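Below you'll find the structure, written out as structure tokens, and then a few comments.
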Amino acid sequence: MTSLNGKGVAAVLAPLKGSDFLSSSDLLPDQIRALFDLASQLKSGDRRIDLGNRILGLIFTKASTRTRVSFQVAMARLGGQTVDLNPQFTQLGRGEPIQDTARVLSRFCDVLAIRTFEQQELLDYSKWASIPVLNALTDLEHPCQALADFFTMKEEFGELTGKTIAYIGDGNNVAHSLMICGALLNVDVQIASPVGFEPLPSVVNQARSLSNNQSEIKVFSDPLQAVEGANAVYTDVWASMGQENEKAKREEAFKGFCVNEELFSAADPKAIALHCLPAHRGEEISSGVIESNSSRVFDQAENRLHLQQALLAAVLGGL
Ligand code: CP
Ligand code: NVA
């Protein structure tokens, strides 16, 4: 169990009742640690939570396997249900404004999880909805993913403070949330991106400021420099959802950024390999690394369920 300065999990998470989770920066370090404790109890079966028949609305403008299914299963395990509000089948797809949609859905649902392109769209839902809004991935951030990622590291190493995660690839949503969440958890985050694909300077600065000088957020253009001595080596696709037409250009730009056996061997001997999935074997990661004994990608995927169940319980006030 994590030290929460003597406070219990329920007390630490109480302020999250009714809150949005739009960015990794929306949580305090102790709240992340409490979510880890709760997720661990939910995962082991030591804790069961029944929220009664609460409803999660899923508004997913992009494809999803892990996020969608883990939210659905988490809600079912909490005794609730999920309503699929895919814009393809709702009036959202015909241009009904968010300011109307968000208010109407707030009358039917208890919480919304939204996957879309612009972070601003999420902020608009947050403004108009009277129920919690959760970021299920935007172009800017993937904060639910980062919770599962650092939880997976914690399962492996026990203690996160002083550990280093290297992220090799596009400096976008996943990298942004890793930097912010890592900073909050005293984990050094070393990003390596090709020139022109670095993380946003504003997010790098935000993460550095949140780290409170307790961890380092570094950006390299050489993958080897980022990986050397790291405890976890993480990568993500080179062309994210919505960037499919840049695939050829990106394949060229990201040459040398594949997490293969050679690059991975520069990490700490006990390092683990992580990937948010879906993966393109032979591009950003080799089949050998993803299938190796060092790979934790399927534990990482499973942990999405436990962290989101903990998060839903917290924002719905079921603790
Ligand atoms: N990692 C992740 O978010 O996967 P999905 O796109 O399948 O939800
Ligand atoms: N960066 C990827 C993450 C997928 C989970 C994307 O946005 O498509």
Side-chain angles (χ1 to χ4, degrees), residues 21-24 39 56 58-75 82 84-87 112-122 134-153 165 167-181 189 191-194 196-200 203 232 234-247 249-251 253-254 257-259 273-281 283-285 290 295-309 311-312:
F21 184 47
L22 309 177
S23 160
S24 289
L56 165 68
L58 293 179
I59 305 176
F60 277 41
T61 305
K62 294 172 173 172
S64 171
T65 298
R66 281 143 289 271
T67 311
R68 174 183 288 280
V69 178
S70 55
F71 265 121
Q72 287 172 323
V73 174
M75 207 57 199
T82 311
D84 196 342
L85 303 163
N86 191 331
L112 294 174
I114 299 175
R115 168 168 286 201
T116 192
F117 294 86
E118 296 288 327
Q119 182 79 6
Q120 184 57 49
E121 204 177 301
L122 199 69
L134 311 178
N135 184 346
L137 179 144
T138 62
D139 289 347
L140 185 70
E141 276 206 51
H142 198 2
C144 291
Q145 179 71 54
L147 287 178
D149 301 339
F150 286 107
F151 180 82
T152 306
M153 275 184 80
I165 186 169
Y167 171 95
I168 309 304
D170 196 7
N172 67 343
N173 45 19
V174 168
H176 288 159
S177 287
L178 284 177
M179 287 192 300
I180 296 171
C181 199
V189 185
I191 308 279
S193 304
F197 298 92
E198 299 93 346
L200 287 176
V203 180
Y234 195 125
T235 187
D236 182 17
V237 292
W238 291 342
S240 285
M241 289 179 277
Q243 299 171 334
E244 289 78 5
N245 61 357
E246 297 178 17
K247 194 172 181 311
K249 180 184 104 181
R250 283 168 174 269
E251 276 173 15
F254 283 77
F257 283 74
C258 176
V259 176
L274 299 174
H275 192 309
C276 54
L277 302 178
H280 295 131
R281 286 171 167 78
E283 289 186 24
E284 77 276 3
I285 192 164
I290 213 168
S295 170
R296 296 292 178 274
V297 297
F298 298 105
D299 300 305
Q300 183 186 1
E302 178 192 332
N303 287 334
R304 299 291 307 278
L305 165 64
H306 308 302
L307 269 298
Q308 283 156 217
Q309 194 179 345
L311 179 69
L312 285 165

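For ligands, and for the atoms within them, numbers begin at 1 and follow the listed sequence. Since the model is a prediction, treat every value here as computed from it, not as a measurement. Quick note: residue numbers are just sequence positions, from 1.
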Which protein N or O atoms sit under 3.5 Å from any N or O of ligand 2? Give each pair with its distance.
residue: ligand 2; atom: 1 (N); partner: Asn173; partner atom: OD1; Å: 2.9
residue: ligand 2; atom: 1 (N); partner: Asp236; partner atom: OD2; Å: 2.6
residue: ligand 2; atom: 1 (N); partner: Ser240; partner atom: OG; Å: 2.7
residue: ligand 2; atom: 7 (O); partner: Asn173; partner atom: ND2; Å: 2.8
residue: ligand 2; atom: 7 (O); partner: Ser240; partner atom: OG; Å: 3.4
residue: ligand 2; atom: 8 (O); partner: Met241; partner atom: N; Å: 2.8

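- Contact atoms of ligand 1 toward Cys276: 1 (N) (distance under 4.0 Å to a heavy atom of the residue).
- Of the candidates Phe257, Phe197, Phe254, Phe254 is the only one forming a ring-ring contact (aromatic ring centres under 6.0 Å, His included) with Trp238.
- For Leu137, no heavy-atom contact with ligand 1 is shorter than 4.0 Å.
- Backbone and side-chain nitrogen or oxygen atoms of Met241 are examined, and none is located within less than 3.5 angstrom of a nitrogen or oxygen of ligand 1.
- A donor-acceptor pair shorter than 3.5 Å cannot be found between the side chains of Ser193 and Glu198.
- Between Gln300 and Asp149 there is a side-chain heavy-atom pair separated by less than 4.5 Å.
- Counting only distance, with no hydrogens or angles, the side chain of Thr61 and the backbone of Thr116 share no donor-acceptor pair below 3.5 Å.
- Contact check for Arg250 versus Val237: no side-chain heavy atoms found under the 4.5 Å cut-off.
- Atom 4 (O) of ligand 1 has Arg66 NE, 2.8 Å as its closest protein atom, hydrogens excluded (heavy atom only).
- Side-chain atoms of Glu284 and Thr235 include no donor-acceptor pair closer than 3.5 Å.
- Within ligand 1, counting atoms from 1 as listed, the ones closer than 4.0 Å to a heavy atom of His142 are 2 (C), 3 (O).
- For the residue pair Gln119/Thr138, the side-chain donor-acceptor check at 3.5 Å is satisfied.
- Taking any N or O of Leu277, backbone or side chain, at least one lies under 3.5 Å from an N or O belonging to ligand 1.
- Under a 3.5 Å cut-off, the side chain of Gln243 and the backbone N or O of Ser240 do form a donor-acceptor pair.
- Interface atoms of ligand 1 facing Thr65, defined by a heavy-atom separation under 4.0 Å, are 5 (P), 7 (O), 8 (O).
- When all heavy atoms are compared, the tightest approach of Leu200 to His176 is N-NE2, 3.0 Å.
- Of the candidates Lys62, Gln145, Arg115, Arg68, it is Arg115 that places a heavy atom closest to atom 6 (O) of ligand 1.
- Atom CD of Glu251 has more than 12 neighbouring heavy atoms from other residues, nucleotides or ligands inside a 6.0 Å radius.
- Taking every heavy atom of Arg304 and a limit of under 4.0 angstrom, the matching atoms of ligand 1 come to 1 (N), 2 (C), 3 (O).
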